[in-house]
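These notes are about the structure you will find just below.
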Amino acid sequence: MTATAARMPAVFFGHGSPLNALAENRYTEAWRALAATWPAPRAIVAISAHWLSHGTAVTAMEMPPTIHDFGGFPRALFEMQYPAPGAPRLAERIAALLAPVPVYMDQKWGLDHGTWSVLCKCYPDADVPVVQLSIDVDRPATAYLELGSRLSALRDEGVLVMGTGNVVHNLRVLDRREDAPPRDWALRFEARVKQCLLEGRIEALAGFQQWGDDAARALPSVEHFLPLLYVLGTRREGEAIRVPFDGIAATSISMLSAVVGALA
């Protein structure tokens with residue numbers, strides 16, 4: 001890929017429930033509006049909380065399948081397809097950037113709901129090539145910042161680096177009643193994450209697991225936080241980090257999203 005005049009931002013989306021793919025709400029409207037603020041990407045590298053692996057893999061097929069990696073939802077959600085093309089050459093470029101970290105060229109995974117439930121709102125025509133990068137669960141949190149730093153060059157090549165997850169993700173205490181208030185620890189943890197983002201304290205965010213009881217409640221497992229670290233790793237010196245919107249859904253899911261670099 002050749003360089004472009006405009007550096008693409010990098011973005012983390014709080015993706016929330018897969019049902020957002022079918023819904024129109026303040027979060028899906030915000031996703032759509034946010035994507036409209038930057039140039040159309042030549043391709044997208046997505047890091048989703050829902051592809052965990054031992055080692056690093058990247059989808060390398062021409063047409064990645066739409067993965068319905070959930071259960072108990074309406075049939076309409078299982079019937080949704082997001083037929084974006086793949087980008088095998090971009091997969092090879094990613095492998096070169098991450099070297100000497102070995103990168104497996106995957107031919108089976110595709111696009112999981114962490115990716116397509118957001119992209120179907122941002123790019124509903126599914127005409128932007130997409131590859132997914134897996135999260136190597138055997139690495140420490142600081143390593144994801146380093147991997148993101150190596151991916152940063154893609155931003156000058158018209159590529160959008162996108163992470164999707166949730167900085168608060170506790171399904172054990174989920175409460176979908178409209179009048180149910182957010183958990184106090186969810187509000188505190190999200191606020192602390194937001195403050196660190198706005199102050200550019202990236203290294204502090206990599207230590208989120210040491211944030212005490214609020215962290216343990218906010219993230220009984222950590223995979224939904226890790227895509228944020230890849231995105232933050234792409235930050236260049238002096239670049240702003242913005243939080244265009246946040247909020248706690250269903251009492252224990254943070255919808256906070258963050259953008260590294262210019263919004264336009």
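Note that the structure is predicted; figures quoted are calculated from it, not measured. When a residue number appears, it is its place in the shown sequence, counting from 1.
Judged by distance alone, the side chain of R242 and the main-chain N or O of G261 form a donor-acceptor pair under 3.5 Å. Remark: side-chain polar atoms of H68 are paired, donor with acceptor, to backbone N or O of M80 under 3.5 angstrom. A donor-acceptor pair under 3.5 Å is formed between the side chain of T66 and the backbone N or O of Y82. The main-chain N or O of Y27 is found under 3.5 Å from a side-chain atom of N25 such that the two form a donor-acceptor pair.
Taking all atoms of both residues into account, the shortest heavy-atom contact from A49 to G165 is CB-CA, 4.2 Å. When every heavy atom of F73 is checked against every heavy atom of L19, the shortest pair comes out as CD2-CG, 3.6 Å. Between P244 and L34, the shortest heavy-atom contact is CG-CD2, 3.9 Å.
For the atom pair CD of E190 and CZ of R192, the computed distance is 14.0 Å after rounding to the nearest 0.5 Å. The structure places CE of M162 at 12.0 Å from CG of L133, a figure rounded to the nearest 0.5 Å. Here R7 contributes atom CZ and L154 contributes atom CG; the two are 12.5 Å apart, rounded to the nearest 0.5 Å. Summarising the geometry, atom CG belonging to L232 is positioned 5.0 Å from atom CD1 belonging to I202; distances are rounded to the nearest 0.5 Å. Here CD of E203 is found 7.0 Å from CG of L145. Values are rounded to the nearest 0.5 Å. Here SG of C122 is found 14.0 Å from CH2 of W116. Values are rounded to the nearest 0.5 Å.
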Inset, instruction - Start with the C-alpha distance between V137 and H54, add both sets of side-chain angles, then the distance that settles side chain to side chain contact (heavy atoms under 4.5 Å, CB included), and finish with yes or no. - result: CA-CA 6 Å; V137 297; H54 297 287; 3.6 Å; yes

Inset, instruction - Could you go through the side chain to side chain contact (heavy atoms under 4.5 Å, CB included) check for F208 and L219 one step at a time? - result: CA-CA 10 Å; F208 70 98; L219 295 161; 3.6 Å; yes

Inset, instruction - Check step by step if side chain to side chain contact (heavy atoms under 4.5 Å, CB included) holds for W185 and N170. - result: CA-CA 11 Å; W185 45 262; N170 188 333; 3.8 Å; yes

Inset, instruction - Apply side chain to side chain contact (heavy atoms under 4.5 Å, CB included) to L256 and K194, showing your working. - result: CA-CA 8 Å; L256 178 148; K194 182 177 180 179; 4.0 Å; yes

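Side-chain atoms of H169 and H15 include no donor-acceptor pair closer than 3.5 Å. In the model, S152 has no side-chain atom that pairs as donor or acceptor with a side-chain atom of T234 under 3.5 Å. In the model, T59 has no side-chain atom that pairs as donor or acceptor with a side-chain atom of Q132 under 3.5 Å. For the residue pair D112 / S48, a side-chain donor-acceptor distance below 3.5 Å is found, with atom types taken as modelled.
Taking the six-membered ring for Trp and thresholds of 30 and 60 degrees, F189 and W211 have ring planes inclined between 30 and 60 degrees apart. The aromatic rings of F70 and F78 sit perpendicular to each other, their planes meeting at more than 60°, with 30° as the lower class boundary.
More than 12 non-hydrogen atoms from other residues, nucleotides or ligands lie less than 6.0 angstrom from CD of E199.
For the pair D106 and K108, the salt-bridge criterion is not met [side-chain N within less than 4.0 Å of a carboxylate O]. Ion pairing between E24 and K121 holds under the 4.0 Å rule for side-chain N and carboxylate O. Using a 4.0 Å cut-off between charged nitrogen and carboxylate oxygen, E239 and R155 count as a salt-bridge pair. At a threshold of 4.0 Å, the pair D184-R188 counts as salt-bridged, since one of the basic side-chain nitrogens sits closer than that to a carboxylate oxygen.
Sorted by first then second residue, the salt bridge (charged side-chain N to carboxylate O under 4.0 Å, His left out) pairs that include residues 133-151, not counting sequence neighbours, are D136-R139, E146-R150.
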